[in-house]
Number of protein chains: 2
Amino acid sequence: MSPARKNPRVGRPPKESQDKSEKGENILNAAEELFALKGYDGVTLRAVATQANVDVALINYYFGSKNQLFDTVFARRAQILNQDRLIALKSAQEISAPQPADVEQIITAFLQPLKMAQESDDSGWKNYCALLAYVNNSAVWGPQLMGKHYNDLVDIFIEALREALPGTDDANLYWCYHYMSGAMSLTFANTGRIDKMSKGTCRSDDFKAAYDRMIPFIAAGFRQVCV
Amino acid sequence: MSPARKNPRVGRPPKESQDKSEKGENILNAAEELFALKGYDGVTLRAVATQANVDVALINYYFGSKNQLFDTVFARRAQILNQDRLIALKSAQEISAPQPADVEQIITAFLQPLKMAQESDDSGWKNYCALLAYVNNSAVWGPQLMGKHYNDLVDIFIEALREALPGTDDANLYWCYHYMSGAMSLTFANTGRIDKMSKGTCRSDDFKAAYDRMIPFIAAGFRQVCV
DNA sequence: GTCTATACCGTGATAGAC
DNA sequence: GTCTATCACGGTATAGAC
């Protein structure tokens, strides 16, 4: 059930599209890719239809309005991702019990499933990561969709961090989470800017390089601020 | 010459619009606000015209295509911002000479002008910060516009960081810069998500809270990774 | 030189015919 | 389930008023 484990469920919505045709899947995949690349307003339903090799009207038939399509695309992989993160967190907590899991372990549990998603053979996961970056940074979509699909998970991770860094103010924890979220988002966004900036020293698709450094970077930040 | 210093130059392009009418300014301000809020594709020239209280065709007359308008808006405040950052960096370097400036000082020089911009009475600066977040995270605009207007500055700051953290690989420096850039961007984006996430404990417009923690967070990350 | 009114023509989302 | 029609809106060009 994770991109890492190459489970066949990956790439499919858990239930609702189970009984929908292949064309419905094609529409979602095409929409995912295009929305990730150009944002909501930069994509036309006609472009989605063309890419999915279906008639424009079929999108309406299956998913309703453009807005609903966007929501469906965003929701599709959210649950899978969150489940993997929870499993990773639980596993880390069991290993370090009776001590609480430490900051590195918690952050790793949070990031690892995303790293796997970005490295996945299924390009849909790569697209979804970029979409996540878009939504997270959008003043229009961010509060609405991130809140709806990810806030429960955030609560659980914040609680874990609270135990790892006892005695600190909640404000510190939330702000540090916010910085982590921003650093992650820019990495997903995969804009290629670091390639130019570093004149080739770094490549934005070198996820190993990105994540290997991100985890200690963020963990050190948490420890510094959350005292 | 900085938003902090409330210099009258703020809000005006250095030269090219000096001789342009008030209406040209209105167009740029309206475009800045709308692009920041809804992105390039989410804004119509008609909406810009309405907000600026001018005729649609005037936009074309002054700025050419929509694409050129976007570029002009983005470029307008870039130079002012960079100049302030350079002054802050130079000043930090002079204070700590003959030692090189340390990581906190360098990051402060990088962030402080933006903090001032976001706190500025001139709402245009707030909008510009959000626009910067949008561009930085966009796969379409990021490499193009950020590269064009900010890469020179990045080189200078990377060099300062190289001196503060001698012996580390350039890849470490660039990746850490990337994480800083991401954390900053999400802060500018000002999506209001942290308000919901923290159930009111943090407010996304509490810039003091955001920046006071961001500087030690990032500095600790740099020190951890760049060894 | 500045600015407005308007027209062009392609494309948008969506609904209704088939 | 599919195709086509509808109707509003998009960016841009132009003609000419002030």
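From a predicted model like this one, the values you see are computed outputs, not experimental measurements.
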Contacting residues from residues 47-61 of chain B, given that a heavy atom lies under 4.0 angstrom of DNA chain C: B:Asp55, B:Ala57, B:Leu58, B:Tyr61
Ordered by number, residues from residues 31-46 of chain B within less than 4.0 Å of DNA chain C (heavy atoms) are B:Arg46
Stacked cation flag B:Lys23 on B:Tyr62, 6.0 angstrom / 45 deg: no
Of the nucleotides D:dT2, D:dT12, C:dC3, which has the atom closest to the B:Lys66 side chain? D:dT12
What is the separation between atom [atom1] on [X] and atom [atom2] on [N], rounded to the nearest whole Å?
| X | N | atom1 | atom2 | result |
| --- | --- | --- | --- | --- |
| A:Asn67 | C:dG12 | CG | P | 17 Å |
| B:Tyr62 | C:dG1 | OH | P | 12 Å |
| A:Phe70 | C:dA13 | CZ | P | 14 Å |

Inspect the contact between [Y] and [X] and indicate whether a charged nitrogen and a carboxylate oxygen are less than 4.0 angstrom apart.
| X | Y | result |
| --- | --- | --- |
| A:Lys38 | B:Asp41 | no |
| A:Lys126 | A:Glu119 | no |
| B:Arg77 | B:Asp122 | yes |

In short, B:Val54 meets B:Ile27 closest at the heavy-atom pair CG2-CG1, 3.8 Å
First locate atom CD of A:Glu32, then atom CG of A:Leu131, and finally report the distance between them rounded to the nearest 0.5 Å. 7.0 Å
Could you tell me the separation between the OG atom of A:Ser181 and the CG atom of A:Leu132, rounded to the nearest 0.5 Å? 8.0 Å
B:Phe110 ring center near B:Tyr177 ring center (under 6.0 Å): yes
Ring centres under 6.0 angstrom apart (A:Trp141, A:Phe70): yes
Could you verify whether a donor N or O on one side chain and an acceptor N or O on the other, from A:Asp170 and B:Thr201, lie under 3.5 Å apart? no
Within the supplied structure, the quantity of interest is the number of heavy atoms (other residues, nucleotides, ligands) at a distance under 6.0 Å from A:Lys90 NZ; does it exceed 12? no
Kindly calculate the angle separating the two end axes of the helix from C:dG1-D:dC18 to C:dC18-D:dG1, each obtained from five base pairs, and round it to 10 degrees. 10°
Using a cut-off of less than 4.0 Å, is there contact between a side-chain N or O of B:Lys23 and OP1 or OP2 of C:dG1? no
